[in-house]
Chemist: 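To start, I am sharing the structure in question, which I have written as C-alpha coordinates.
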Amino acid sequence: ILIASRLPFLDGMAKLVHKDAHFPSGEAVEFFDWMVRHVRAGETVMASMPLGAELRLHTPLRGVIHPQFEDRGLRDRVQDIYKFYQCTPVDVFLETMRKFGAAYVVIEYKRCDFSPFKLDDRPDLNCAKEDGRPWSELFCPRAHLSPLLELLFANAGFAVLRLKDEVAPRETRSKPRKLEDLAVWKPMLDRCLREDPEG
(Lines give C-alpha, C1' and ligand atoms only; values in the text may rest on other atoms or scores of the structure.)
Protein backbone atom coordinates (compact mmCIF):
# COMPACT_ATOMS: atom_id res chain seq x y z
CA ILE A 1 0.00 0.00 0.00
CA LEU A 2 2.79 2.40 0.93
CA ILE A 3 4.75 2.00 -2.29
CA ALA A 4 1.59 1.68 -4.37
CA SER A 5 0.38 5.00 -3.02
CA ARG A 6 3.37 6.64 -4.69
CA LEU A 7 2.36 5.39 -8.15
CA PRO A 8 1.46 8.19 -10.57
CA PHE A 9 -1.97 6.82 -11.44
CA LEU A 10 -2.99 7.00 -7.75
CA ASP A 11 -1.90 10.62 -7.33
CA GLY A 12 -4.53 12.70 -5.57
CA MET A 13 -6.54 9.68 -4.41
CA ALA A 14 -5.23 9.57 -0.82
CA LYS A 15 -8.47 10.98 0.58
CA LEU A 16 -10.46 8.25 -1.16
CA VAL A 17 -8.41 5.37 0.24
CA HIS A 18 -7.46 6.96 3.58
CA LYS A 19 -10.27 5.32 5.52
CA ASP A 20 -9.99 2.62 8.15
CA ALA A 21 -12.69 0.58 6.41
CA HIS A 22 -10.43 0.05 3.39
CA PHE A 23 -7.79 -1.80 5.40
CA PRO A 24 -8.70 -5.36 6.39
CA SER A 25 -7.98 -6.52 9.91
CA GLY A 26 -5.71 -9.38 8.83
CA GLU A 27 -2.72 -7.04 8.89
CA ALA A 28 -3.63 -5.93 12.42
CA VAL A 29 -3.92 -9.52 13.68
CA GLU A 30 -0.54 -10.39 12.14
CA PHE A 31 0.97 -7.20 13.63
CA PHE A 32 -0.35 -7.81 17.17
CA ASP A 33 0.76 -11.45 17.03
CA TRP A 34 4.25 -10.40 15.98
CA MET A 35 4.45 -7.77 18.71
CA VAL A 36 3.44 -10.27 21.42
CA ARG A 37 5.94 -12.86 20.20
CA HIS A 38 8.92 -10.54 19.56
CA VAL A 39 8.74 -7.53 21.88
CA ARG A 40 9.32 -8.07 25.58
CA ALA A 41 6.27 -7.46 27.81
CA GLY A 42 6.30 -4.01 29.40
CA GLU A 43 8.33 -2.35 26.62
CA THR A 44 7.19 1.15 25.66
CA VAL A 45 5.97 1.57 22.10
CA MET A 46 5.22 4.83 20.27
CA ALA A 47 2.14 4.70 18.08
CA SER A 48 -0.84 6.84 17.17
CA MET A 49 -3.54 7.29 19.80
CA PRO A 50 -6.00 4.81 18.22
CA LEU A 51 -3.29 2.20 17.68
CA GLY A 52 -1.94 2.83 21.19
CA ALA A 53 -5.37 1.91 22.54
CA GLU A 54 -5.40 -1.29 20.48
CA LEU A 55 -1.87 -2.19 21.60
CA ARG A 56 -2.95 -1.77 25.20
CA LEU A 57 -5.96 -4.01 24.59
CA HIS A 58 -4.20 -6.80 22.63
CA THR A 59 -0.63 -6.87 23.96
CA PRO A 60 1.29 -6.62 27.25
CA LEU A 61 3.11 -3.53 25.91
CA ARG A 62 3.05 0.04 27.18
CA GLY A 63 1.99 2.92 24.98
CA VAL A 64 2.99 6.54 25.33
CA ILE A 65 -0.46 7.94 24.52
CA HIS A 66 -3.95 6.50 24.78
CA PRO A 67 -7.45 7.98 24.49
CA GLN A 68 -8.62 7.26 28.05
CA PHE A 69 -8.59 10.79 29.44
CA GLU A 70 -8.11 14.35 28.28
CA ASP A 71 -5.83 16.88 29.94
CA ARG A 72 -3.10 19.33 29.01
CA GLY A 73 -0.32 16.80 29.62
CA LEU A 74 -1.89 14.31 27.19
CA ARG A 75 -2.34 17.03 24.54
CA ASP A 76 1.35 17.91 24.93
CA ARG A 77 2.32 14.24 24.49
CA VAL A 78 0.16 13.95 21.39
CA GLN A 79 1.86 17.04 19.91
CA ASP A 80 5.26 15.49 20.68
CA ILE A 81 4.48 12.08 19.23
CA TYR A 82 2.52 13.24 16.21
CA LYS A 83 5.74 14.67 14.83
CA PHE A 84 5.78 11.33 12.99
CA TYR A 85 3.03 12.66 10.70
CA GLN A 86 5.11 15.62 9.57
CA CYS A 87 8.44 16.43 7.89
CA THR A 88 10.39 15.58 11.00
CA PRO A 89 14.04 14.57 10.72
CA VAL A 90 14.65 11.17 12.31
CA ASP A 91 17.19 12.49 14.82
CA VAL A 92 14.60 15.02 16.08
CA PHE A 93 12.01 12.27 16.54
CA LEU A 94 14.53 10.04 18.30
CA GLU A 95 14.85 12.71 20.99
CA THR A 96 11.10 12.30 21.56
CA MET A 97 11.42 8.51 21.70
CA ARG A 98 14.16 8.80 24.32
CA LYS A 99 12.14 11.38 26.28
CA PHE A 100 9.32 8.84 26.72
CA GLY A 101 11.57 5.79 27.10
CA ALA A 102 10.37 4.16 23.87
CA ALA A 103 12.65 1.88 21.89
CA TYR A 104 9.97 1.07 19.26
CA VAL A 105 7.86 3.16 16.91
CA VAL A 106 4.97 1.80 14.86
CA ILE A 107 4.17 3.36 11.52
CA GLU A 108 0.71 2.83 10.06
CA TYR A 109 1.11 2.81 6.29
CA LYS A 110 -2.41 4.14 5.71
CA ARG A 111 -1.27 7.33 7.44
CA CYS A 112 2.09 7.55 5.71
CA ASP A 113 1.22 10.63 3.70
CA PHE A 114 0.78 14.36 4.20
CA SER A 115 -1.39 14.94 7.27
CA PRO A 116 -4.20 17.45 7.40
CA PHE A 117 -3.38 17.95 11.10
CA LYS A 118 -0.73 20.46 12.07
CA LEU A 119 1.50 20.64 15.11
CA ASP A 120 0.79 23.69 17.27
CA ASP A 121 4.05 23.51 19.21
CA ARG A 122 6.42 22.76 16.32
CA PRO A 123 5.18 24.62 13.21
CA ASP A 124 8.69 24.31 11.74
CA LEU A 125 8.04 20.58 11.27
CA ASN A 126 4.62 20.96 9.62
CA CYS A 127 4.47 20.21 5.94
CA ALA A 128 1.88 19.89 3.26
CA LYS A 129 1.91 18.80 -0.35
CA GLU A 130 0.62 22.27 -1.24
CA ASP A 131 3.80 23.77 0.26
CA GLY A 132 5.84 21.98 -2.39
CA ARG A 133 7.54 19.64 0.08
CA PRO A 134 8.35 16.24 -1.45
CA TRP A 135 6.86 13.09 0.08
CA SER A 136 10.40 11.87 0.82
CA GLU A 137 10.73 14.56 3.54
CA LEU A 138 7.98 13.01 5.66
CA PHE A 139 9.09 11.08 8.73
CA CYS A 140 7.71 7.78 7.39
CA PRO A 141 10.07 7.37 4.41
CA ARG A 142 12.93 9.00 6.34
CA ALA A 143 12.51 6.47 9.16
CA HIS A 144 12.70 3.51 6.77
CA LEU A 145 15.92 4.87 5.28
CA SER A 146 17.58 5.97 8.51
CA PRO A 147 20.61 4.08 9.84
CA LEU A 148 19.41 5.12 13.33
CA LEU A 149 16.37 2.82 13.18
CA GLU A 150 16.10 -0.89 12.40
CA LEU A 151 13.08 -2.22 10.51
CA LEU A 152 11.94 -5.29 12.45
CA PHE A 153 8.52 -6.05 10.98
CA ALA A 154 6.37 -4.87 8.10
CA ASN A 155 3.21 -6.01 6.43
CA ALA A 156 0.68 -4.16 4.27
CA GLY A 157 -0.59 -2.18 7.26
CA PHE A 158 2.24 -1.57 9.69
CA ALA A 159 5.97 -1.22 10.18
CA VAL A 160 7.79 -1.67 13.48
CA LEU A 161 11.11 0.09 13.82
CA ARG A 162 13.50 -0.08 16.76
CA LEU A 163 15.93 2.55 17.93
CA LYS A 164 19.47 1.26 17.39
CA ASP A 165 21.89 1.40 20.29
CA GLU A 166 24.85 2.12 18.04
CA VAL A 167 25.38 2.84 14.38
CA ALA A 168 28.60 1.74 12.73
CA PRO A 169 30.27 4.52 10.67
CA ARG A 170 30.17 2.37 7.51
CA GLU A 171 26.44 1.75 7.98
CA THR A 172 25.63 5.45 7.72
CA ARG A 173 27.31 5.60 4.29
CA SER A 174 25.80 2.42 2.86
CA LYS A 175 22.13 3.06 3.73
CA PRO A 176 19.85 3.05 0.65
CA ARG A 177 18.50 6.36 -0.60
CA LYS A 178 15.07 5.24 -1.87
CA LEU A 179 12.25 3.33 -0.26
CA GLU A 180 11.91 1.17 -3.38
CA ASP A 181 15.47 -0.13 -2.90
CA LEU A 182 15.36 -3.80 -1.88
CA ALA A 183 18.23 -3.11 0.53
CA VAL A 184 15.74 -1.24 2.77
CA TRP A 185 13.68 -4.38 3.23
CA LYS A 186 16.29 -7.17 2.88
CA PRO A 187 17.54 -7.33 6.52
CA MET A 188 13.96 -7.67 7.78
CA LEU A 189 13.09 -10.23 5.08
CA ASP A 190 16.20 -12.30 5.86
CA ARG A 191 15.34 -12.24 9.58
CA CYS A 192 11.75 -13.32 8.81
CA LEU A 193 13.02 -16.26 6.75
CA ARG A 194 15.28 -17.35 9.61
CA GLU A 195 12.64 -16.93 12.32
CA ASP A 196 9.62 -18.23 10.41
CA PRO A 197 10.74 -20.25 7.36
CA GLU A 198 7.23 -21.67 6.88
CA GLY A 199 5.55 -18.20 6.87
Chemist: Could you please spell out the steps behind the side chain to side chain contact (heavy atoms under 4.5 Å, CB included) verdict for Phe158 and Ile107?
Modeler: CA-CA 6 Å; Phe158 306 92; Ile107 293 175; over 6 Å; no

Chemist: With sequence neighbours excluded, tell me which residues meet ring-ring contact (aromatic ring centres under 6.0 Å, His included) with Tyr82.
Modeler: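 With sequence neighbours excluded, Tyr82 shows a ring-ring contact (aromatic ring centres under 6.0 Å, His included) to Phe84, Tyr85, given in chain and number order.
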
Chemist: Are Arg194 and Asp190 within salt-bridge range, i.e. N to O under 4.0 Å?
Modeler: no

Chemist: How many angstroms lie between CZ in Phe114 and SG in Cys87, if you round to the nearest 0.5 Å?
Modeler: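 Answer rounded to 0.5 Å: 5.5 Å.
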
Chemist: State, with a plain yes or no, whether a side-chain heavy atom of Glu108 is found less than 4.5 Å away from one of Ser48.
Modeler: yes

Chemist: Enumerate the residue pairs fulfilling side chain to side chain donor-acceptor pair (under 3.5 Å) with a member in residues 114-123, sequence neighbours excluded, ordered by first and then second residue.
Modeler: Arg122-Asp124

Chemist: Should Tyr109 and Met35 be counted in the same cluster of Ile, Leu, Val, Met, Phe, Trp and Tyr side chains packed under 4.5 Å apart?
Modeler: no

Chemist: Which value, rounded to the nearest 0.5 Å, describes the distance between Leu125 atom CG and Leu119 atom CG?
Modeler: 6.5 Å

Chemist: So, taking the atom named CE in Met49 and the one named CZ in Arg77, what distance separates them when rounded to the nearest 0.5 Å?
Modeler: 10.5 Å

Chemist: Run Val105 and Val45 through side chain to side chain contact (heavy atoms under 4.5 Å, CB included) and show every step you take.
Modeler: CA-CA 6 Å; Val105 61; Val45 178; over 6 Å; no

Chemist: Would a hydrophobic clustering, with Ile, Leu, Val, Met, Phe, Trp and Tyr connected at side-chain separations under 4.5 Å, put Leu152 with Val39?
Modeler: yes

Chemist: With side chain to side chain contact (heavy atoms under 4.5 Å, CB included) as the test, would you mind laying out the steps for Arg191 and Lys186 before giving the verdict?
Modeler: CA-CA 8 Å; Arg191 191 172 42 258; Lys186 189 153 176 33; over 6 Å; no

Chemist: Where is the tightest heavy-atom contact between Glu27 and Ala156, given as atom of each residue plus distance?
Modeler: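 The pair with the smallest heavy-atom distance is OE2-CB, 3.6 Å.
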
Chemist: Roughly how far, to the nearest 0.5 Å, is CZ of Phe139 from OG of Ser146?
Modeler: 8.0 Å

Chemist: Less than 6.0 angstrom separating the ring centers of His38 and Phe31, yes or no?
Modeler: no

Chemist: Only pairs under 3.5 Å count here: list side-chain donor-acceptor contacts from residues 91-101, not counting sequence neighbours, and write none if there are none.
Modeler:
residue : atom : partner : partner atom : Å
Thr96   : OG1  : Lys83   : NZ           : 2.9
Lys99   : NZ   : Asp80   : OD2          : 2.6

Chemist: Tell me whether Val184 shares a hydrophobic cluster with Leu182, the cluster being built from Ile, Leu, Val, Met, Phe, Trp, Tyr side chains joined at under 4.5 Å.
Modeler: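 Yes, it is one cluster - the side chains of Val184 and Leu182 are joined through contacts under 4.5 Å.
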
Chemist: Looking at residues at least two apart in the chain, or sitting in another chain, which of them share a side chain to side chain donor-acceptor pair (under 3.5 Å) with Glu30?
Modeler: Asn155

Chemist: Please step through side chain to side chain contact (heavy atoms under 4.5 Å, CB included) for the pair Leu149 and Val90, ending with a clear verdict.
Modeler: CA-CA 9 Å; Leu149 292 167; Val90 172; 4.0 Å; yes

Chemist: Between atom CG of Leu145 and atom CG of Asp181, what is the distance when rounded to the nearest 0.5 Å?
Modeler: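 Leu145 CG to Asp181 CG: 8.5 Å, rounded to 0.5 Å.
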
Chemist: Quick check: closest heavy atoms across Ala159 and His144, and the distance to 0.1 Å?
Modeler: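 It is CB-NE2, 3.8 Å.
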
Chemist: Within a radius of less than 6.0 Å around CZ of Arg37, do more than 12 heavy atoms belonging to other residues, nucleotides or ligands occur?
Modeler: yes

Chemist: Can you give me the closest heavy-atom contact between Leu55 and Ala47, atom names plus distance?
Modeler: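 Shortest heavy-atom separation between Leu55 and Ala47 comes out as CD1-CB, 4.0 Å.
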
Chemist: For Arg142, enumerate each residue passing the side chain to side chain donor-acceptor pair (under 3.5 Å) test, keeping only those at least two apart in sequence or located in another chain.
Modeler: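 Arg142: no side chain to side chain donor-acceptor pair (under 3.5 Å) contacts found.
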
Chemist: Between Glu43 and Arg162, does any side-chain N to carboxylate O distance fall below 4.0 Å?
Modeler: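 Salt bridge between Glu43 and Arg162, a charged N being under 4.0 Å from a carboxylate O: no.
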
Chemist: So, taking the atom named CG in Leu148 and the one named CG in Asp165, what distance separates them when rounded to the nearest 0.5 Å?
Modeler: 12.0 Å

Chemist: Please find the pair of heavy atoms, one from Gly42 and one from Arg62, that lie closest to each other, and give the distance.
Modeler: O-CD, 3.3 Å

Chemist: Does some side-chain heavy atom of Cys112 sit less than 4.5 Å from a side-chain heavy atom of Leu138?
Modeler: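 Leu138 vs Cys112: side chains apart.
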
Chemist: Any side-chain heavy atom of Phe153 within less than 4.5 Å of one from Leu161?
Modeler: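 When only atoms from C-beta onward are counted, Leu161 and Phe153 do not touch, as no gap falls below 4.5 Å.
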
Chemist: According to a hydrophobic-cluster definition based on side-chain heavy atoms being under 4.5 Å apart (Ile, Leu, Val, Met, Phe, Trp, Tyr only), do Met46 and Leu61 belong together?
Modeler: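 Shared cluster, no.
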
Chemist: Please enumerate all residues that pass side chain to side chain donor-acceptor pair (under 3.5 Å) together with Gln79, with sequence neighbours excluded.
Modeler: none

